[in-house]
S.K.: 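Dropping the structure in here first, questions after.
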Amino acid sequence: MMQIDLVNRLNYFCDSLYFDAIESTNVISFSFGTNYPRIYEMDGDSLINVLSAVSKIYTKSLKKSYLHIDFKLTNYSTDYAFFNITFSCSGVFIPMNKLISTAKKIAEANDIQIFINKNTIVVQSKGKLVKDQQKSIKFLNENIKKFHVIINYEYKMGFESISKSLRYLGLKVHQSNQYDILKHHVMDAIYKPSVVFLHQSILQNKDEFELILKYKKLKNFSIVIINDQKDDSLENNKNFFVLRQPFTYDILIATLNTCYNEQKMAKLFI
């Protein structure tokens with residue numbers, strides 16, 4: 001069995017989920033603890049194939065719903081780590097039997113278990129632990145851990161996934177996900193956010209977004225647009241960075257590093 005970087009494999013999985021979600025008009029969020037080991041001896045392709053088959057049970061059966069995938073390390077033994085990957089959704093879920101059968105066949109062939117209970121599907125897998133683990137958190141500068149972050153994202157599980165990941169990384173995150181509270185903090189004469197996360201729907205309100213941009217220039221914070229729906233206007237915009245849902249913490253760290261670089265460059269021209 002070969003050693004794999006599981007988080008790296010999950011990066012590609014999340015990327016494919018983004019396009020599946022866009023095509024099916026659903027929203028998908030994903031969580032994987034930043035404190036988990038990332039290198040294992042395991043068949044990564046088989047696990048990703050099972051997860052892809054299970055996700056299709058939802059994306060082929062639902063429209064305009066929310067799907068959350070929670071990847072949890074549930075236990076250790078001397079040699080192995082055990083995972084529960086829980087899929088849960090909003091709305092009425094009537095899965096196609098053919099898709100369930102396909103997912104179960106792939107799982108059974110690879111010593112992976114699937115359990116179904118109403119709107120929830122749990123995938124159970126394991127990986128052999130590797131002693132030499134590479135560093136998961138690779139910030140360009142340790143000052144990124146001092147960032148103050150505010151988020152406007154009304155999808156509750158998506159908000160919790162982002163805020164929890166940011167806290168695990170050491171950043172300070174405001175508890176509320178409401179736009180009015182975010183706006184209050186942005187305009188506050190004393191408070192200075194480092195990064196402002198906004199759902200892409202803000203771009204439809206030109207006046208509000210122009211207001212945020214005004215304070216971005218005054219306070220030198222970065223804007224990250226959370227992208228969970230198709231929108232061609234997000235491409236090549238210099239006013240913000242785009243974070244596609246779903247994502248792993250690798251992508252979140254890369255986004256924060258880009259924000260740090262933007263703010264560093266802006267200070268050179270003040």
Side-chain angles (χ1 to χ4, degrees), residues 3-19 21 27-40 44 48 51 68-73 81 83 85 127 130 132-153 155 157-175 177 192-200 216 220-228 234 237-267:
Q3 288 188 11
I4 66 160
D5 182 331
L6 180 57
V7 180
N8 189 48
R9 296 294 181 94
L10 291 170
N11 287 334
Y12 292 107
F13 172 58
C14 285
D15 199 43
S16 67
L17 284 179
Y18 167 78
F19 292 102
V27 174
I28 303 177
S29 55
F30 178 84
S31 60
F32 181 97
T34 60
N35 56 333
Y36 295 168
R38 59 186 291 154
I39 310 296
Y40 301 89
I48 298 302
L51 297 181
H68 183 68
I69 305 170
D70 188 19
F71 202 117
K72 277 192 176 175
L73 195 159
F83 306 104
I85 305 106
V130 174
D132 297 326
Q133 292 287 328
Q134 67 184 58
K135 186 179 178 183
S136 292
I137 302 172
K138 298 178 181 177
F139 285 137
L140 288 177
N141 190 293
E142 287 300 301
N143 285 330
I144 293 174
K145 291 183 179 179
K146 298 177 183 178
F147 275 6
H148 285 254
V149 178
I150 44 180
I151 306 168
N152 167 229
Y153 194 25
Y155 167 37
M157 290 303 297
F159 169 76
E160 290 179 357
S161 176
I162 295 172
S163 59
K164 188 183 292 184
S165 294
L166 289 168
R167 288 191 186 96
Y168 276 142
L169 294 171
L171 283 71
K172 295 176 178 64
V173 185
H174 196 275
Q175 295 284 353
N177 66 337
K192 180 185 178 300
S194 309
V195 185
V196 174
F197 285 79
L198 293 160
H199 184 254
Q200 65 187 83
K216 167 183 164 64
N220 189 26
F221 58 76
S222 296
I223 297 174
V224 176
I225 297 294
I226 303 165
N227 171 213
D228 59 19
L234 297 178
N237 194 308
K238 296 180 180 179
N239 292 315
F240 54 77
F241 305 109
V242 177
L243 179 66
R244 286 177 170 178
Q245 279 276 40
F247 57 88
T248 69
Y249 64 76
D250 271 1
I251 305 304
L252 191 58
I253 289 169
T255 302
L256 293 169
N257 283 337
T258 307
C259 291
Y260 171 80
N261 275 336
E262 178 192 46
Q263 293 168 32
K264 184 179 175 182
M265 289 299 295
K267 287 177 182 177

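All heavy atoms count here, side chains included; hydrogens, waters and symmetry mates do not. Remember, predicted model here, so these are calculated numbers, not experimental data.
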S.K.: Verify, without hydrogens or angle tests, whether N227 (side chain) and L243 (backbone) share a donor-acceptor contact under 3.5 angstrom.
M.R.: no
S.K.: Less than 4.5 Å apart, side chain to side chain, heavy atoms only: is that true for V149 and I162?
M.R.: no
S.K.: Are H68 and S29 close enough, and set up right, to give a side chain to side chain donor-acceptor pair (under 3.5 Å), and what steps lead you there?
M.R.: CA-CA 5 Å; H68 183 68; S29 55; 2.7 Å; yes
S.K.: Is the backbone of S194 close enough, under 3.5 Å, to the side chain of Q263 for a donor and an acceptor to pair up by distance?
M.R.: yes
S.K.: Please check this pair: side chain of S161 against backbone of M157, looking for a donor-acceptor N/O pair closer than 3.5 Å.
M.R.: no
S.K.: Take atom CZ of F19 as the centre, draw a 6.0 Å sphere, and report whether it contains more than 12 heavy atoms from other residues, nucleotides or ligands.
M.R.: yes
S.K.: Hey, could you give me the CG/CD1 distance between L198 and I226, rounded to the nearest 0.5 Å?
M.R.: 7.5 Å
S.K.: Taking all heavy atoms of S222 and all of E262, pick out the closest pair and write down the distance.
M.R.: OG-OE1, 2.5 Å
S.K.: May I ask you to check whether over 12 heavy atoms, not counting those of K192, lie within 6.0 Å of atom NZ?
M.R.: yes
S.K.: Taking all atoms of both residues into account, what is the closest heavy-atom pair of F83 and L6, and its distance?
M.R.: CZ-CD2, 4.2 Å
S.K.: Taking only residues at least two apart or on different chains, which pairs with a member in residues 3-12 satisfy salt bridge (charged side-chain N to carboxylate O under 4.0 Å, His left out)?
M.R.: D5-R38, R9-D45
S.K.: Looking at residues at least two apart in the chain, or sitting in another chain, which of them share a side chain to side chain donor-acceptor pair (under 3.5 Å) with Y36?
M.R.: none
S.K.: Give the minimum heavy-atom separation between F221 and V195, together with the two atoms involved.
M.R.: CB-N, 4.5 Å
S.K.: Looking only at heavy atoms, which two atoms of R167 and V173 are closest? And how far apart?
M.R.: NH2-O, 3.4 Å
S.K.: Tell me whether the centres of the aromatic rings in F32 and F13 are closer together than 6.0 Å.
M.R.: no
S.K.: Which heavy-atom pair separates G33 from Y249 by the least distance, and what is that distance?
M.R.: O-CE2, 3.7 Å
S.K.: Can you see which heavy atom on F139 is nearest to which on N257, and at what distance?
M.R.: CA-OD1, 3.4 Å
S.K.: I need the Y153 OH to Q200 CD distance, nearest 0.5 Å.
M.R.: 8.5 Å
S.K.: I'd like to check the salt bridge (charged side-chain N to carboxylate O under 4.0 Å, His left out) partners of K145; sequence neighbours left out, ordered by chain and number.
M.R.: E142
S.K.: Quick one: list whatever passes side-chain contact (heavy atoms from CB on, under 4.5 Å) with S165, sequence neighbours left out.
M.R.: L252
S.K.: Please identify each residue that fulfils side-chain contact (heavy atoms from CB on, under 4.5 Å) with N11, with sequence neighbours left out.
M.R.: V7, N8, T248, D250, I251
S.K.: With sequence neighbours excluded, what pairs up with K72 under the salt bridge (charged side-chain N to carboxylate O under 4.0 Å, His left out) test?
M.R.: D70
